[in-house]
Amino acid sequence: MHPAVAALPFAEKGLVLGALLARLPSEEFAARFPGAAGSRAALEALGAESRSARASTLAALISLVRAPVPAGVERIHPGWLRERLGPESPAVVWAVAEGLPPEVRRIADQLLGARPEGPDAAPIAPALSSLAAAELRRRVFAGLVPLADLGAPTGPVAGPLMALSFAALEEAIERRGAAALGVSLRGAAAPVIARAAANLGGRLAHALLDAAADSGPPEARDRARRVVERVAAEKPVDLAAHLGGRNLALALVPEGRDAAQAVAQRLPPPLGRRLLAFVAEATE
């Protein structure tokens, strides 16, 4: 896929695909979609490429958009998968999970095992056609973005987070929050810093102390203090995770909604949704 297209959010990749299939001139595309400057730039970049390069990108986009399951579905936090599969009938759960990675089938087995009819109640029905199964999966997993291959985030913030385990990602967000709290305390009295570190404890305390002791411009401290004041007013039960989520949201805004969604899908749904809400607030 052409780099200019690969860097676009998932929805704008779809716009580029539609424009390519319709052979829409760049000027007409701009008139129809005035807010999609990135997509227009990608189309213009493709226009300067060879026919084979355009055909290769077109084939990659078709494969990406038509995929019934987001690439890397096995890397989505189990909580999101349970939410998608849980309300469905045993027949649908069985049909959707059949042939998917072991991580997804394991969650399906757990859900079916908890049903009154038990895990061995396989549906007595004709096997779905490949097209019907694909459409069923497309509906169940609608709204989830790819976490691997061409649709995966590659930005400097979201990209490295994709390589972390579920637990390590949560810890990274908590450490980010502890560090932000430390930045806000630069210049504060030692007992105040020590008390804040003691309240966090463990490795989070070290992150706070390191950030508080580091030098930096007053502007960074002032920005951190404003965020900390806002979080303190919200009175979260998990201060470090809440503050870290707000801090991460600000860093993810330039990388787009898809990048934030990808990171959120690696988190437990409550924390993931909180991150997405923070991103939405930051882009208002």
Side-chain angles (χ1 to χ4, degrees), residues 75-80 147 152-284:
R75 304 186 67 238
I76 295 174
H77 191 280
W80 294 96
L147 298 187
T154 57
V157 177
L161 295 178
M162 292 295 99
L164 299 179
S165 68
F166 298 136
L169 177 55
E170 286 190 68
E171 182 179 344
I173 292 175
E174 290 175 339
R175 289 176 64 85
R176 196 178 189 104
L181 184 55
V183 172
S184 75
L185 291 172
R186 286 174 183 167
V192 173
I193 297 174
R195 186 163 55 251
N199 287 337
L200 293 181
R203 281 179 285 186
L204 296 182
H206 288 293
L208 182 152
L209 293 171
D210 290 344
D214 200 4
S215 59
E219 294 80 8
R221 180 198 62 202
D222 294 341
R223 284 195 302 270
R225 285 181 177 175
R226 286 194 293 272
V227 175
V228 169
E229 287 172 0
R230 179 174 185 175
V231 168
E234 293 167 345
K235 299 180 179 179
V237 296
D238 50 353
L239 175 62
H242 196 85
L243 180 54
R246 280 209 173 275
N247 185 279
L248 178 58
L250 294 173
L252 285 171
V253 166
E255 298 185 16
R257 171 79 182 190
D258 285 357
Q261 178 72 41
V263 175
Q265 288 173 194
R266 296 279 296 161
L267 294 166
L271 182 55
R273 290 195 177 93
R274 221 187 313 175
L275 175 65
L276 293 176
F278 294 156
V279 171
E281 287 180 20
T283 53
E284 287 178 352

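Keep in mind that this is a model prediction, so the values were computed, not measured.
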What are the two closest non-hydrogen atoms of [X] and [Y], and how far apart are they?
X      : Y      : value
Ala282 : Leu250 : CB-CD2, 3.9 Å
Val183 : Ala224 : CG1-CB, 3.7 Å
Arg75  : Leu147 : NH1-O, 3.3 Å
Gly245 : Ile173 : N-CG2, 3.6 Å
Ala264 : Trp80  : O-NE1, 3.0 Å
Ala158 : Leu252 : CB-CD2, 3.8 Å

* side chain to side chain contact (heavy atoms under 4.5 Å, CB included) between Asn199 and Leu239: does it pass, once the steps are laid out? -> CA-CA 10 Å; Asn199 287 337; Leu239 175 62; over 6 Å; no

Spatial distance of atom [atom1] ([X]) from atom [atom2] ([Y]) [nearest 0.5 Å]:
X      : Y      : atom1 : atom2 : result
Arg176 : Leu204 : CZ    : CG    : 14.0 Å
Arg221 : Ser215 : CZ    : OG    : 12.5 Å
Leu169 : Leu248 : CG    : CG    : 8.0 Å
Gln265 : Gln261 : CD    : CD    : 4.5 Å
Arg223 : Asn247 : CZ    : CG    : 10.0 Å
His242 : Arg230 : NE2   : CZ    : 8.5 Å

Within the 4.5 Å heavy-atom criterion, are [X] and [Y] side-chain neighbours or not?
X      : Y      : answer
Ser184 : Glu229 : no
Leu276 : Arg257 : yes
Leu185 : Val192 : yes
Leu243 : Glu174 : no
Leu267 : His77  : no

* Asked: Could Glu281 and Arg246 be called an ion pair, given the rule that one side-chain N must be under 4.0 Å from one carboxylate O?
  ->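 Judged by the 4.0 Å cut-off on N to carboxylate O distance, Glu281 and Arg246 do form a salt bridge.
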
* **Arg274 bridged to Glu234 by N-O distance under 4.0 Å** =>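 A salt bridge is absent here (no side-chain N lies under 4.0 Å from a carboxylate O).
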
Can you tell me if [X] uses its side chain to pair, donor with acceptor, with the backbone of [Y] under 3.5 Å?
X      : Y      : answer
Glu255 : Pro153 : no
Arg186 : Asp214 : yes
Arg266 : Leu164 : yes

* Any chance CZ of Arg273 has more than 12 other-residue heavy atoms, nucleotides or ligands included, within less than 6.0 Å? ->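 Buried by this count: over 12 neighbours within 6.0 Å.
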
